[in-house]
Amino acid sequence: MLLTVEKLTKKFNGKPVIQDYNFTLNKGEIVTLIGKSGTGKTTLMRLINHLENADAGNIRIGDTVLCEMKQNGIIEYASKKKIYKYHNQIGMVFQNYQLFPNLTVLENCIEAPLAQKIDTKQNLIKKAKELLNQVGLNEKITAMPSELSGGQQQRVAIARALMLNPTILCFDEPTSALDRESTIEIGKMIQEIAADGTGILIVTHDNEFAKDIGTRVVCSDEFLDNH
Ligand SMILES: Nc1ncnc2c1ncn2[C@@H]1O[C@H](COP(=O)(O)OP(=O)(O)OP(=O)(O)O)[C@@H](O)[C@H]1O
Ligand SMILES: [Mg+2]
């Protein structure tokens, strides 16, 4: 089991959005998460990526714990060092891509791993070029994000997330700004990433895309009704 979520609870202003929710993600699996607006899909993804803290429950990748319940019934987050290890295994591609507007496509890819001193600049550039080639953007490495189409920006965001070798990759609405053709293209790319063993979680409003690409479809109706 790659990702394990047990009895997860998150409240906003005292009101649960997610309660006692259990979820797992396996190696190479593509889970698509569908459901009505405001039912907590983005919240679940933010909790898994530690962009938000849970009120209760356990979250771990393999045996790397992010948070767990103690015997006194209080949730405890891991130490900074362990959370760093957890973060290294998970990546998120945001709906609006969140590319750095003042950096080229190549610079966007190497910025974070360079700051984290993951490898030498030379090696990171080599890796970024390989990944950009893989997503079909080898002719755009010196372009600025504003010079790219939505689908191309999405592909840069995917290449950038892959720079950190995540074992789990999350996507929030990856195709909402794309036409059918680009959606199919991104879908194929995601399937290739999963074929390499990466576990994928995708939030989407596009039910057709969810069924086409997902090896399992999960609905956010279950977030408050999983007992
Ligand atoms: N930081 C926050 N403070 C207060 N309430 C929040 C916060 N973030 C989310 N919520 C509330 O939690 C609920 C779930 O929000 P979330 O963004 O997870 O929904 P979603 O399923 O992703 O919706 P959509 O499909 O529209 O993107 C909503 O009612 C929202 O108002
Ligand atoms: Mg959302």
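Both ligands and their constituent atoms are indexed starting at 1 by order of listing.
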Item checked: Location of contacts on Thr39 toward ligand 1, heavy atoms closer than 4.0 Å ->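 Both backbone and side chain.
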For [atom], what's the nearest protein heavy-atom neighbour? Residue, atom name and distance, please.
| atom | answer |
| --- | --- |
| atom 25 (O) of ligand 1 | Lys41 NZ, 2.7 Å |
| atom 26 (O) of ligand 1 | Ser37 OG, 2.6 Å |
| atom 5 (N) of ligand 1 | Phe12 CG, 3.3 Å |
| atom 19 (O) of ligand 1 | Gly40 N, 3.3 Å |
| atom 17 (O) of ligand 1 | Thr42 CB, 3.8 Å |

Next item on the list: For Ile48 and Ile90, run side-chain contact (heavy atoms from CB on, under 4.5 Å): C-alpha distance rounded to whole Å, both residues' side-chain angles, the deciding distance at 0.1 Å, then the answer.
Entry: CA-CA 9 Å; Ile48 292 169; Ile90 189 160; 3.4 Å; yes
Checklist line | For Asp172, the option from Thr42, Asn96, Asn49 that meets side chain to side chain donor-acceptor pair (under 3.5 Å) | finding: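 It is Thr42, the one option of Thr42, Asn96, Asn49 that forms the side chain to side chain donor-acceptor pair (under 3.5 Å) with Asp172.
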Close N or O approach ([X], ligand 1; < 3.5 Å):
| X | value |
| --- | --- |
| Asn13 | no |
| Val17 | no |
| Thr43 | yes |

Check: So Gln95 and Ser176, side chain to side chain donor-acceptor pair (under 3.5 Å) or not? Walk me through it.
Finding: CA-CA 8 Å; Gln95 181 172 10; Ser176 60; 3.2 Å; yes
Checklist line | Side-chain H-bond candidate by donor/acceptor type, Glu52 with Thr43, under 3.5 Å | finding: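 Absent: no donor and acceptor within the cut-off.
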Notebook entry, point to check: Could you state the interatomic distance from CD1 (Ile59) to CZ (Phe23), rounded to the nearest 0.5 Å?
Noted result: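 Ile59 CD1 to Phe23 CZ: 11.0 Å, rounded to 0.5 Å.
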Margin query: If you scan the protein for heavy atoms around atom 3 (N) of ligand 1, do you find one that is closer than 4.0 Å?
Written below: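 Yes, there is a protein heavy atom closer to it than 4.0 Å.
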Next item on the list: May I ask you to check if Arg160 and Phe100 form a cation-pi contact, with NZ or CZ under 6.0 angstrom from the six-membered ring centre and within 45° of the axis?
Entry: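 Geometry flag: set, cation within 6.0 Å and 45°.
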Checklist line | Presence of N, O or S from Thr42 under 2.8 Å of the Mg ion (ligand 2) | finding: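 For Thr42, the answer is yes, given that an N, O or S atom comes within less than 2.8 Å of the Mg ion (ligand 2).
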Can a salt bridge be assigned to the pair [X] and [Y] using a cut-off of 4.0 Å between side-chain N and carboxylate O?
| X | Y | result |
| --- | --- | --- |
| Lys188 | Asp212 | no |
| Lys27 | Glu29 | no |
| Arg60 | Glu6 | yes |

Margin query: Does the residue His205 have a heavy-atom contact with ligand 1, meaning some pair of atoms that are separated by less than 4.0 Å?
Written below: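 For ligand 1, residue contact (heavy atoms, under 4.0 Å) with His205 is present.
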Check: So is Gly38 in contact with ligand 1, going by heavy-atom distances below 4.0 Å?
Finding: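 The answer is yes, since Gly38 has a heavy atom less than 4.0 Å from ligand 1.
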